[in-house]
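Take a look at the structure below.
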Amino acid sequence: LCEILATSEQYAMGGLKQLCSAQLLRRATAANVASVLQCADLHGAQKLKDGCLQFIAVQRHSVHANGGLQALSKELLIEAFLKTGADGCM
């Protein structure tokens, strides 16, 4: 789905981009949310990015237990940390 999201952005297909974003968010798990977040950030899918950050904030312990944030860039890791709030121990 990330590849389709990329194509939808490339060809300015907003409806397809929204559909892919919604499906990616629905399929997000503690194990794959970092990959989905990277995809969202790379392809300018802000709603998907926000949804992933919210997922990480709510499920931070599960995400951390699955090693789910190790692949994130420093910038995305900081965003995820800030989204969890001051008490978020990741």
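Please read all numbers here as calculations on a predicted model, not as lab measurements. The basis for the numbers below is simple: all heavy atoms, side chains too, and nothing from hydrogens, waters or symmetry mates.
- The closest donor-acceptor contact from the side chain of Asn66 to the backbone of Ser62 lies under 3.5 Å.
- Met13 contributes atom CE, which lies 12.5 Å from atom CD of Gln18 (distance to the nearest 0.5 angstrom).
- Atoms CG and CG, on Leu42 and Leu37 in that order, are 11.0 Å from each other to the nearest 0.5 Å.
- For Gln46 and Asp50, the side-chain atoms include at least one donor-acceptor pair closer than 3.5 Å.
- Under the side-chain contact (heavy atoms from CB on, under 4.5 Å) criterion, Ser73 pairs with Glu75, Leu76, not counting sequence neighbours.
- A continuous path of hydrophobic side-chain contacts links Leu5 to Leu1 [ILVMFWY only; heavy atoms under 4.5 Å].
- Summarising the geometry, atom CZ belonging to Arg60 is positioned 10.0 Å from atom CZ belonging to Phe81; distances are rounded to the nearest 0.5 Å.
- Expressed to the nearest 0.5 Å, how far CD of Gln59 lies from CD of Gln54 amounts to 10.0 Å.
- Looking at every heavy atom in both residues, Val36 comes nearest to Cys52 through CG1-SG, 3.4 Å.
- Cys2 does not pair with Cys20 as a disulfide, the SG atoms being 2.5 Å or more apart.
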Which donor-acceptor pairs under 3.5 Å do side chains of residues 21-31 form with protein atoms, sequence neighbours excluded?
{"from": "Ser21", "atom 1": "OG", "to": "Lys17", "atom 2": "O", "distance (Å)": "2.9"}
{"from": "Thr29", "atom 1": "OG1", "to": "Ala31", "atom 2": "N", "distance (Å)": "3.3"}
{"from": "Thr29", "atom 1": "OG1", "to": "Asn32", "atom 2": "N", "distance (Å)": "3.2"}
{"from": "Thr29", "atom 1": "OG1", "to": "Asn32", "atom 2": "OD1", "distance (Å)": "3.3"}

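- Of the possible polar contacts, none joining the Glu79 side chain to the Lys49 backbone as a donor-acceptor pair under 3.5 Å is found.
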Exercise for review: Evaluate side chain to side chain contact (heavy atoms under 4.5 Å, CB included) for Phe55 paired with Val63, printing each intermediate quantity in order.
Suggested key: CA-CA 9 Å; Phe55 181 97; Val63 171; 4.0 Å; yes
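- Atom NE2 of His43 is separated from atom CG of Asp41 by 9.5 Å, given to the nearest 0.5 angstrom.
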